[in-house]
Amino acid sequence: MAQYSRISGSVGLITLKNPPVNALSAAVRQGIVDTVEKALCDPQVKSVVICGQDGVFCGGADVKEFEKSMSGPPLIPMIHSIECATKPMVAAIEGSALGGGLELALGCHYRIAHSKARLGLPEVTLGLLPAAGGSQRLPRLIGVPAALDLITTGRHVTAAEALQLGIVDQVTDHKTVDAAVKFALSVAGKPLDARRISTYPCPVVTDLDALFEDVMQKVRQSARGAIAPIACVQAVRAAATLPYTRGMEREKELMATLFTSGQARALQYNFFAQRAVGKWRMPSGARWDTSTPRPVHKVAVIGLGTMGRGIAVALAQAGLPVVTVEAQEKQLMEAKRVMSDMLKRGAKRRGVAPPLDKISYSSNIQDLADVDLVIEAVFEDMDLKKKVFLQLSAVCKPGTLLCTNTSGLDVDQLASQTRNPELVVGMHFFAPAHVMKLLEVVYGPRSSPQAVATAMQLGKKMGKISVAVGNCRGFVGNRMLKLYTEQASFLLEEGATPDLVDRAIEEFGFPMGVFRMSDLSGLDIGWRVRKEMKLAVPGQSARIREGRRYSPLGDLLCEQGRFGQKTGRGWYRYNKPGDRVAHSDPWLHHFLEEYRAQHGLVARRIDQQEILERCLYPMINEGFRILQDGIAAGPEDIDVIYVFGYGWPRHCGGPMFYASMVGLEKVLERLEHYYQAHPDVPYLQPCSLLRRLVAIGSPPVQKWREVIKNLHSQL
Ligand SMILES: CCC/C=C/C(=O)SCCNC(=O)CCNC(=O)[C@H](O)C(C)(C)COP(=O)([O-])OP(=O)([O-])OC[C@H]1O[C@@H](n2cnc3c(N)ncnc32)[C@H](O)[C@@H]1OP(=O)([O-])[O-]
């Protein structure tokens with residue numbers, strides 16, 4: 001809807017009304033068409049201001065409408081008629097002007113923004129392009145290079161940057177609508193020909209071909225198979241080379257391809273999935289909207305290794321006072337130096353003062369007596385963590401929330417060391433913790449809803465996408481990842497090479513293949529865990545352990561001191577320890593040949609399809625088990641974890657969405673096939689939830705929660 005009124009005698013005020021973000025639904029578009037007509041027909045009105053209610057200009061097209069057949073007035077002619085209006089049209093931008101919202105503002109003759117407003121064309125992140133004239137107007141307004149940057153990345157700019165770029169005409173710290181009305185009064189009656197962006201020639205670029213070639217190359221590299229960024233470049237090229245009307249035709253043509261693509265569906269699903277995970281629920285019935293978080297004014301981080309440092313920096317950057325505790329004096333001093341540098345670098349990037357005074361450093365655990373929440377980030381060792389929790393339980397004031405940063409240890413075992421197990425949750429950060437967006441908040445059987453709500457809220461404050469998950473070995477992310485890495489090793493035994501497997505995975509869209517990633521994080525980490533579990537036994541190369549197939553390849557490399565990048569040797573060869581460029585290693589290929597010969601394995605040709613199916617489908621199958629076990633509340637949780645924590649290509653939605661795109665029947669059939677071929681790998685056996693979904697006709701991923709709920713209620 002849009003509301004019309006007349007203020008200050010001669011200014012027509014149009015207010016978009018569609019909470020929470022005033023998205024351009026059919027009703028809003030109709031409202032705009034009607035109210036613009038009213039304002040233009042009103043002889044008292046000399047100029048018009050368009051604003052949004054409740055401090056938000058407009059969040060763009062209503063993404064929920066994309067799945068339905070379009071009704072209501074289309075955006076392009078609506079914006080065109082605003083631009084053609086004979087009375088000055090002024091956009092009063094508060095909050096956000098994004099996508100179609102900014103395109104609407106670009107159709108206006110003037111734009112006034114509040115200093116806290118954010119503007120952008122984020123369509124590319126939804127698998128689309130700014131197809132309501134944005135790809136044609138923005139380059140004409142701010143030039144091709146700046147428009148390419150904004151349109152291909154979808155990044156939001158501040159009002160200050162928008163002013164600098166020339167997107168807005170004025171920025172105000174006061175009431176935006178008042179400023180816009182004052183402005184509208186000042187421009188009433190002035191000629192408008194020079195204010196219609198579509199009539200501007202596109203600013204000339206010297207060596208246009210070289211610019212576009214360069215941008216296209218960069219976009220192809222970073223897009224990793226995503227088609228929307230490429231279409232965005234093509235649309236801007238049309239703006240730079242064609243008259244406006246022909247450019248608009250090209251924009252429409254490109255949009256038609258994107259709009260119906262699987263990638264757009266995946267990205268839009270992911271947009272809503274990111275919001276769905278905030279509405280967490282626990283199997284007990286506790287939920288986000290019925291659980292009140294405890295206030296957190298002061299936080300502590302104990303253990304200043306790589307993870308602890310990143311967590312403390314992220315907390316300080318979120319404005320929270322942090323007490324850090326590290327028992328070893330030397331490590332404490334080193335951490336202080338490194339963290340100060342991290343804070344300074346981050347502040348420089350964001351153009352703010354470094355929050356150095358937010359962090360205090362101590363080697364005495366007694367200093368944690370008055371904090372509201374502790375994040376324990378000591379070495380990943382259960383006995384050590386238990387000892388720390390016992391101490392924390394004695395030192396901290398009653399009611400302090402105790403969180404463990406662990407990538408997979410049993411949160412409930414740690415809780416049992418404390419007086420108040422209901423105040424214990426896991427907070428699984430991803431390295432580097434001040435950069436990575438994902439946080440798994442792990443609740444044990446005794447964690448209270450309030451503790452979960454507090455950790456989720458803290459994650460949000462730190463700018464993380466937090467997902468609440470149940471307690472099991474590896475939680476969601478690492479539980480699934482284990483099968484992926486194991487299958488990759490099996491493929492090496494059967495004839496593949498690390499290069500071959502990684503190429504297939506990277507072509508699928510992961511930023512890094514499984515072996516390159518293993519070299520980066522260090523092979524010794526998994527080796528230590530396997531040794532603790534008595535799975536890896538030095539000197540042993542048996543391929544069946546604990547009654548199932550086991551690949552000792554990683555262990556054998558570790559026994560040779562090949563820990564990955566840090567030792568200059570791993571699955572690949574590096575020019576020197578610490579180097580990042582992986583080279584194919586003839587030594588490793590020879591080692592694999594010898595290994596196969598020793599075990600009587602005959603190498604066979606393995607194609608890309610098999611690599612993807614073998615690495616991804618077992619993970620997906622485990623995802624179904626996780627849903628069935630109630631460890632994750634819905635497929636969205638798993639998909640968000642994989643996209644934001646493990647580099648799953650966002651344009652493929654996440655593993656569970658991908659499974660629905662491939663077809664559950666096909667996933668089931670391939671798993672059955674691989675299980676038959678490898679009966680000594682029990683997890684290849686298709687999960688009963690997957691079978692159930694296929695049996696009821698493979699409903700879309702958005703319907704799985706219902707099926708899972710029914711399944712649980714039958715148990
Ligand atoms: C021809 C086509 C050309 C144009 C294409 C486009 O414009 S494409 C669009 C280009 N635009 C974009 O890509 C902008 C997308 N939006 C955003 O980036 C952010 O929402 C925000 C910055 C506007 C507000 O952030 P915030 O943290 O304050 O709030 P929040 O993020 O938590 O959202 C609150 C609620 O609003 C919902 N919702 C939000 N936007 C839309 C929408 N467009 N539609 C529908 N719904 C939308 C959201 O799902 C959530 O619903 P829930 O869970 O409560 O039921």
Side-chain angles (χ1 to χ4, degrees), residues 16-29 32 52-80 93-107 116-138 150-151 153-159 228 231-232 235 248 251-261 264-265 267-280 287-289 437 456-457 460-461 463-466 634 636 640 650 702:
L16 313 187
K17 287 186 163 227
N18 184 16
V21 301
N22 298 321
L24 295 163
S25 63
V28 173
R29 297 196 306 274
I32 296 174
Q53 77 168 2
D54 293 339
V56 180
F57 181 69
C58 176
D62 187 342
V63 183
K64 288 191 189 100
E65 280 187 355
F66 289 170
E67 279 189 0
K68 306 173 200 155
S69 57
M70 288 294 268
S71 63
L75 268 180
I76 294 175
M78 184 193 93
I79 294 172
H80 186 66
I93 301 171
E94 282 179 329
S96 303
L98 299 172
L102 180 55
E103 292 178 294
L104 168 65
L106 292 174
K116 294 214 168 103
R118 314 277 295 184
L119 298 88
L121 293 175
E123 285 88 341
V124 69
T125 64
L126 298 168
L128 305 173
L129 62 87
S135 74
Q136 304 304 298
R137 283 196 180 91
L138 194 65
L150 259 60
I151 293 174
T153 61
R155 76 181 176 91
H156 301 180
V157 296
T158 59
C232 285
M248 286 298 285
E251 182 190 88
K252 186 174 171 190
E253 217 173 81
L254 290 163
M255 178 66 158
T257 317
L258 295 181
F259 197 75
T260 50
S261 69
R265 262 197 292 155
L267 286 156
Q268 288 157 28
Y269 158 81
N270 210 273
F271 171 81
F272 290 113
Q274 277 175 60
R275 277 133 191 103
V277 298
K279 297 174 180 167
W280 56 271
R287 312 157 34 114
W288 65 284
D289 52 351
K437 289 291 268 182
M456 290 294 283
Q457 194 187 52
K460 195 170 177 186
K461 188 152 191 199
K464 305 289 176 202
I465 297 178
S466 311
E636 295 87 353
V640 166
R650 204 185 292 197
Q702 291 84 354

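Every number for a ligand or one of its atoms is a count from 1 in the order of the listing.
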Checklist entry - What protein heavy atom sits nearest atom 36 (O) of ligand 1, and how far off is it? => result P20 CG, 3.3 Å
Checklist entry - Looking at F272, which atoms of ligand 1 are within less than 4.0 Å of one of its heavy atoms? => result 49 (O)
Next on the checklist: Given D62, L24, L121, identify the one with the heavy atom nearest to atom 45 (C) of ligand 1.
Outcome noted: D62
Checklist outcome for this item: Ranking N18, L126, V21 by closest non-hydrogen atom to atom 39 (C) of ligand 1, top hit is V21
Checklist outcome for this item: Heavy-atom proximity to atom 11 (N) of ligand 1, picking from G99, G60, G59, points to G59
Checklist entry - What part of R118 sits under 4.0 Å from ligand 1 if we count only heavy atoms: the side chain, the backbone, both or neither? => result neither
Item to check | ring pair (Phe, Tyr, Trp, His ring centres under 6.0 Å) involving F259 - partner list, sequence neighbours excluded | outcome: F66
Next on the checklist: Under 4.0 Å, counting heavy atoms only: does P122 come that close to any atom of ligand 1?
Outcome noted: yes
Next on the checklist: Is the positively charged end of R275 above the ring of F271, judged by distance under 6.0 angstrom from the centroid and angle within 45° of the axis?
Outcome noted: yes
Next on the checklist: When you measure from the heavy atoms of E103 to every atom of ligand 1, does any distance fall below 4.0 Å?
Outcome noted: yes
Checklist outcome for this item: Closest to atom 54 (O) of ligand 1 among protein heavy atoms sits K279 NZ, 3.6 Å
Checklist entry - Do protein heavy atoms approach atom 18 (O) of ligand 1 to less than 4.0 Å? => result yes
